[in-house]
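By convention in this document, chain letters (A, B, ...) are assigned in the order of the sequence lines, proteins followed by strands, and residues within each chain are numbered from 1. Since the structure is predicted, the reported quantities are computational estimates derived from the model, not experimental observations.
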There are 2 protein chains.
Amino acid sequence: MPDSDYRDIRTLDLFAEMADEHFTALMRGAYVQNFPAQIELITEGEPSDFLHIVLAGSVDLFSAWNDRETSMATVRPISTFILAATIKDAPYLMSARTLEKSRIVLIPSQDVRGIFDVDNNFARAIVTELAQCYRSVIKAQKDLKLRTSLERLANYLIRQQHHAGGGAEFKLDFEKRRLASVLGMTPENLSRAFKGLQPYGVKVNGTLITIEDQADLRRFAKPNPLIDDFST
Amino acid sequence: MPDSDYRDIRTLDLFAEMADEHFTALMRGAYVQNFPAQIELITEGEPSDFLHIVLAGSVDLFSAWNDRETSMATVRPISTFILAATIKDAPYLMSARTLEKSRIVLIPSQDVRGIFDVDNNFARAIVTELAQCYRSVIKAQKDLKLRTSLERLANYLIRQQHHAGGGAEFKLDFEKRRLASVLGMTPENLSRAFKGLQPYGVKVNGTLITIEDQADLRRFAKPNPLIDDFST
DNA sequence: TGAGCGATTTGACAATTATCAATCGTAGAT
DNA sequence: ATCTACGATTGATAATTGTCAAATCGCTCA
């Protein structure tokens with residue numbers, strides 16, 4: 001594994017505090033691979049053989065049932081995914097596919113569980129990571145159950161705007177069909193939802209969004225840190 | 001704290017493996033209290049001062065936004081809730097209220113975090129617990145995003161039947177308005193959903209459910225362990 | 001026993017969301 | 001530059017779900 005990758009991974013909260021020898025041991029069994037876009041990295045239901053880390057590119061976590069499919073989340077560099085399945089040695093609950101050319105690290109789950117047993121700092125970091133993940137899903141659940149699709153879109157745009165620096169203009173960071181799926185609606189419905197936000201000053205031009213009057217949109221969206229603030 | 005409570009708590013996976021002295025320390029700061037029904041134990045947004053344990057009774061975890069409210073989960077003895085908020089020292093994401101007369105243990109969050117820092121077995125148990133919680137929410141999310149309300153109800157009934165021992169007859173374990181909220185629908189809609197399952201052999205008499213032909217209902221519900229099996 | 005209360009059910013209707021088909025627009029290939 | 005493929009949009013329609021009001025059921029308690 002290239003040194004730069006090695007260092008990137010080491011800086012992740014999850015690995016930052018663990019003993020050198022344990023980190024080295026983990027990396028020894030790991031391998032890095034470049035995948036093209038649209039490759040299915042893991043399939044739900046399969047045993048969790050590897051903990052994955054996205055170094056570059058992006059990965060879609062999705063799930064299917066009865067011929068329907070939904071995007072659960074997007075993983076961007078640098079972060080891990082499938083940690084809970086790895087730790088529990090349980091089957092994956094979600095599938096994962098690359099959205100673009102991506103650089104992925106694979107760490108054998110067995111190694112992760114082994115080091116987890118002997119490195120207390122690592123175990124503690126895992127707690128923090130899992131607690132964070134758990135709270136994120138709870139927020140997503142609240143978003144889904146308490147809001148209409150129009151409200152979800154409005155709040156998504158506000159979050160995205162903030163994430164992009166807060167300017168009136170910003171770009172959507174993925175294609176609309178996937179955004180629709182993440183927000184729990186159909187692409188057609190998303191298209192109409194964008195129209196439905198026009199009265200609140202939202203302009204859409206392809207992937208470029210303009211929010212003319214933040215306050216106006218916020219009055220409609222009623223963003224709430226207990227749903228929309230992903231940092232806490 | 002009575003000895004029997006003390007022992008009950010000690011048998012929880014979360015506390016079973018920790019050092020005696022640490023468990024004793026935790027219990028020293030804890031207190032047990034009996035609450036009547038319909039008492040709001042915690043409110044979302046507030047700092048997480050206590051880890052809660054339900055010894056008897058039951059607790060509803062719910063959340064509100066913009067005058068809407070939804071039930072997220074029900075906690076039954078003996079288990080903890082609000083672990084993630086306690087560990088992260090972050091505000092509660094959900095409120096909690098007793099559904100009936102309940103016996104609750106309150107452990108100061110500060111104590112939990114303190115012991116977490118020094119007791120590695122406790123830290124490991126927390127990892128397992130959080131991973132379990134995380135996976136449960138992911139399953140709930142898939143249930144919500146991939147299924148219609150009729151399908152959610154059908155699968156809920158199948159789970160409930162299994163949980164009740166597998167007989168053709170069983171009782172719903174909470175009132176219908178709350179079931180509706182848990183399943184993400186209105187009480188009116190739930191009432192109609194029960195009707196909608198009649199063709200599949202579901203009979204409803206108050207809180208008593210009869211499933212005449214399991215196979216028939218399963219053909220419609222298409223239960224899936226990656227959504228419906230709460231044990232993995 | 002029966003009044004009173006709240007939960008549930010029903011009916012009528014409205015809002016939301018999904019589906020299907022057709023068209024548009026654009027980026028990449030030839 | 002034109003063609004092609006695919007995602008995005010639009011229109012028409014259907015299915016799903018929610019809302020409101022009224023009726024019904026079941027239970028508690030005087």
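- Closest to the side chain of B/Glu188, out of C/dT8, D/dG7, C/dG11, is C/dG11.
- The distance from atom CD of B/Glu175 to atom P of D/dC25 is 20 Å, rounded to the nearest whole Å.
- Considering only heavy atoms from C-beta on, B/Leu55 comes within 4.5 Å of B/Val32 through its side chain.
- Atom pair A/Met185:CE and D/dA8:C1' shows a separation of 14 Å (rounding to whole Å applied).
- Rounded to whole Å, atom C1' of C/dC20 lies 15 Å from atom CG of A/Asn189.
- Separating the NZ atom of A/Lys176 from the C1' atom of D/dT9 is a distance of 9 Å, rounded to the nearest angstrom.
- The CZ-P distance, from B/Arg177 to D/dT19, rounds to 14 Å in whole Å.
- Look at CZ on A/Arg68: it is 12 Å from C1' on D/dA15, rounded to the nearest Å.
- Closest of all the heavy-atom pairs between B/Leu99 and B/Ala37 is O-CB, 3.8 Å.
- When each of B/Gly206 and A/Thr186 is assigned the nucleotide of DNA chain C with its nearest heavy atom, B/Gly206 is the one assigned upstream, toward the 5' end.
- With rounding to whole Å, B/Gln38 atom CD is found 13 Å from C/dG6 atom P.
- In this entry the distance linking CG of A/Leu183 with P of C/dA18 reads 11 Å, nearest Å.
- In this structure, B/Ser149 reaches the D/dT17 phosphate: one of its side-chain N or O atoms is under 4.0 Å from OP1 or OP2.
- Side-chain contact check for A/Phe50 versus A/Ile107: every heavy-atom pair is 4.5 Å or farther apart.
- The base of C/dT19 sits within donor-acceptor range of the side chain of A/Arg192, with an N or O pair under 3.5 Å.
- Taking 4.5 Å as the limit, every side-chain heavy atom of A/Met94 sits out of range of all side-chain heavy atoms of A/Asp60.
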